[in-house]
Protein chains: 2
Amino acid sequence: MARHDDAHKLAAPAADELDARKAAILNAVVTEYIGSAQPVGSQHVVDAPGVNVSSATIRSEMAALEREGYLVQPHTSAGRVPTDRGYRFFVDHLGGTGTLDATGRQQVRRFFEQAHGEIEQMLERTSGLLADLTDCAALVVGPSHESATVRSAQLVGLAPRVGLVVVVLSDGAVQKATVDLPDGAGDEVLARAGACLAAGVRDASLAHLPTELAPAGDPVVDAVAATALAGLRSLVDDEAPEHVFVGGSSRMAAAFDAVETVRSVLTILEQQLVVVSLLRDVLDRGLSVAIGTEHGVEPLASCAVVVAPFSVDGEELGTIGLLGPTRMNYPQALAAAQAVGERLSGRLSEAGR
Amino acid sequence: MARHDDAHKLAAPAADELDARKAAILNAVVTEYIGSAQPVGSQHVVDAPGVNVSSATIRSEMAALEREGYLVQPHTSAGRVPTDRGYRFFVDHLGGTGTLDATGRQQVRRFFEQAHGEIEQMLERTSGLLADLTDCAALVVGPSHESATVRSAQLVGLAPRVGLVVVVLSDGAVQKATVDLPDGAGDEVLARAGACLAAGVRDASLAHLPTELAPAGDPVVDAVAATALAGLRSLVDDEAPEHVFVGGSSRMAAAFDAVETVRSVLTILEQQLVVVSLLRDVLDRGLSVAIGTEHGVEPLASCAVVVAPFSVDGEELGTIGLLGPTRMNYPQALAAAQAVGERLSGRLSEAGR
DNA sequence: GTCAGCAGTCCATACTACCGAGTGCTGACC
DNA sequence: GGTCAGCACTCGGTAGTATGGACTGCTGAC
């Protein structure tokens, strides 16, 4: 079989291609290393499927794979460890997406059967589920509210001179902003200003709120309504547009043995902005996996990220991410991310129907 | 001097008291150990204030302190390390609360000067501030909404058969619950049901919502209102009543050198329920510090917790917590927790006025 | 009660030896 | 030419041993 592969090996762009045997060996090394975290020697590969050659031949093939940048030796006389490039080939050409194991599938099914409550709560719990499934840190970025439109706006008095603007968005999110009120603003003024505000912002998107409102006639009411609108507008710039739920970050402690690595990874995980843009960036580049230095975040050089979008009614709304060491179990992670993404999409679409 | 101490040593409860020199030595050992994380030998104590004796005398005092359970030796011929009891004495009798250093004070001041936005956001940021100040993991538990009363309730249609109940509480919190609507429920039905609901729940506390509403006459409206109320009531049991913001958990990675300890501590930090009840428990026992095994959480045996409440208009609303290794800098942590708690109370009271 | 002096303990560190997993190379074989 | 058994070699990890030093506890003098 490998014999006539040679024929079109020259025809095909050989740059990123490996012949079947090299691929099988790389596959075996990656698989083994993911499991054991120990450099893999030629002896451990000899029984792998698709590799029907002696350890001596494997050694020479491994040496070639090292020359081509797929493997490295930590030191002479040690086994081989995959490079980022090796993992990349593995993810692209080998291993497939894999499927969740039976217990995993059951866990996911049960989770979504008994899932209920608000979207935020569900996303948070989902991050826990993903962490459990994959033993990675799980990142779940909620939908952006940028394109959602205002369904309802309301002005509520909290204290003599404090009010709260509450808007409900079409995607079910609720935003609020406290506003200072002038001294004499009673319930009636609030109600009228609220109505005025509601009329002005209804069906506008949060990103494109009007700058002023139609006057209601009463200067006090108008003033209050304007204040409320200003409070609302400040929300948009103010708050990070997306919230990210991080679950299972403790698992990063088990993933590395250097406590310093753990610390730097955790530090990144605490920076929501970095996490969100990391995931977005990977997704925008059309990838579902970013390995080592492929994503630009330097402190995560020894990590890999697996992403999957989730959507409601076909519209991509959020992102699922899994963060683990580069030697993470990619097939499992991909399968889990994809399965949970699909289920989540289904669940959310159903709820919004 | 010690001679006639013997006399009333039997009379007075000598149990927890140490004479001035022993206290000074203990103080020096704890202070030194907090700084260096290395066992402290008699030589390092010799220059400490209040200890004007030779190292030989210190050694015999240290041996006594060890017999009394304030210090331990990791092994013979090593220096001494404080026990939990030693830290406890230090916290209770020595070191005082301390004050924040100048840069710390400035950091706190600046933070609260430019603090703005909603309470949740502010609490989250506060957890980051505290972590920065103390190099500990910071826990901020928001106010419980149990005693807050409903200021406003509203029913908004999101999709043909989906509605959202939004209630605003007297403390400024907003709660929401999605509800399924019957097929024919149009805007008018929603408005009427919403009004009916609002009338029924206004000024009720979330914990004591009515079980049924006054009928509005129309069976469809009544049904919708009842569904909405049910959705609202489910919120109370459903959601954890308090949310805890955890900041700076990455700092736990630097605090311990055993990666396994880091993992177990982080695992605890991910369990909001445990964290909340831990803080509550410590506070309920009237403590501001819980050291080692004093709090019941076994995986945190090598940690200490410093807590401080914060309040609005005199009413205790939330809790600030700092989690660090037992050899954390107690005076600094206490000062930071107290200062931030006070500032936060002030800020929140001011906003609610 | 204090303390200088001393003998003793025991952890780190460094050094050495050794084992074994693993490599690259070579020469024979198909 | 590709394959592979055999071989010499490399080098990290473990174990054993020596050394230094930071401690201690004790003792006897003041």
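Proteins come first, then strands; the chains are lettered A, B, ... in the order of their sequence lines, and each starts at number 1. Quick caveat, the model's predicted, so the values are computed rather than measured.
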S.K.: May I have the distance from M62(B) (atom CE) to dT24(D) (atom C1'), rounded to whole angstrom?
M.R.: 10 Å

S.K.: Return the set of residues passing salt bridge (charged side-chain N to carboxylate O under 4.0 Å, His left out) with E68(A) (not counting sequence neighbours), or none when no residue passes.
M.R.: K22(A)

S.K.: Where along residues 37-50 of chain B does a heavy atom come under 4.0 Å from DNA chain C, residue by residue in number order?
M.R.: none

S.K.: Excluding sequence neighbours, so at least two apart, what forms salt bridge (charged side-chain N to carboxylate O under 4.0 Å, His left out) with E294(B)?
M.R.: R88(B)

S.K.: List in chain and number order the residues that pass side chain to side chain contact (heavy atoms under 4.5 Å, CB included) with S288(B), two or more places apart in sequence or in another chain; answer none if no residue qualifies.
M.R.: L334(B)

S.K.: How many whole angstroms separate atom CD1 of I58(B) from atom P of dG25(D)?
M.R.: 13 Å

S.K.: Sort and list the pairs that fulfil salt bridge (Lys or Arg N to Asp or Glu O under 4.0 Å) and have at least one residue in residues 40-63 of chain A, not counting sequence neighbours.
M.R.: R21(A)-E61(A)

S.K.: What integer distance in Å separates Y33(B):OH from dC23(D):P?
M.R.: 14 Å

S.K.: How long is the line joining CG of L65(A) and C1' of dG24(C), in whole Å?
M.R.: 16 Å

S.K.: Could you work out, with salt bridge (charged side-chain N to carboxylate O under 4.0 Å, His left out) as the rule, every residue matching E298(A), not counting sequence neighbours?
M.R.: none

S.K.: Whole angstrom is fine here: how far is it from CZ in R67(A) over to C1' in dT23(C)?
M.R.: 13 Å

S.K.: What is the distance from CD of E61(B) to P of dG1(C), rounded to the nearest Å?
M.R.: 10 Å

S.K.: Who passes side chain to side chain contact (heavy atoms under 4.5 Å, CB included) against S250(A), sequence neighbours left out?
M.R.: L266(B), T267(B), E270(B)

S.K.: Which pairs, with at least one residue in residues 325-338 of chain B and sequence neighbours excluded, count as a salt bridge (Lys or Arg N to Asp or Glu O under 4.0 Å)?
M.R.: none

S.K.: Can you label the angle between the F89(A) ring and the Y70(A) ring as parallel, tilted or perpendicular, going by 30° and 60°?
M.R.: perpendicular

S.K.: First locate atom CD1 of I291(B), then atom OG of S302(B), and finally report the distance between them rounded to the nearest 0.5 Å.
M.R.: 13.0 Å

S.K.: Please give, in whole Å, the distance from dT3(D) P to D19(A) CG?
M.R.: 9 Å

S.K.: Would you give me the side-chain donor-acceptor pairs under 3.5 Å for residues 128-137 of chain A, sequence neighbours excluded?
M.R.:
| unit_1 | atom_1 | unit_2 | atom_2 | d |
| --- | --- | --- | --- | --- |
| D132(A) | OD1 | R251(A) | NH2 | 2.9 |
| T134(A) | OG1 | L130(A) | O | 2.8 |
| T134(A) | OG1 | C136(A) | N | 3.2 |
| D135(A) | OD1 | R251(A) | NE | 2.8 |

S.K.: Could you give the CZ-to-P distance, from R80(B) to dC11(C), as a whole number of Å?
M.R.: 15 Å

S.K.: Would you mind pulling out the nucleotide paired to dT14(D), Watson-Crick or G-U wobble, both distances under 3.5 Å?
M.R.: dA17(C)

S.K.: Detail all sub-3.5 Å separations between protein N/O atoms and N/O atoms belonging to nucleotides 3-7 of chain C.
M.R.:
| unit_1 | atom_1 | unit_2 | atom_2 | d |
| --- | --- | --- | --- | --- |
| dC3(C) | OP2 | S54(B) | N | 2.8 |
| dC3(C) | OP2 | T57(B) | OG1 | 2.9 |
| dC3(C) | O5' | S54(B) | OG | 3.3 |
| dG5(C) | O6 | R59(B) | NH2 | 3.2 |

S.K.: Might you list the N or O atoms of the protein lying below 3.5 Å from N or O atoms in nucleotides 11-15 of chain D, with each pair's distance?
M.R.:
| unit_1 | atom_1 | unit_2 | atom_2 | d |
| --- | --- | --- | --- | --- |
| dC11(D) | OP1 | T76(A) | OG1 | 3.1 |
| dC11(D) | O4' | S77(A) | OG | 3.1 |

S.K.: Got a sec, which residues hit salt bridge (charged side-chain N to carboxylate O under 4.0 Å, His left out) with D281(A), two or more places apart in sequence or on another chain?
M.R.: R285(A)

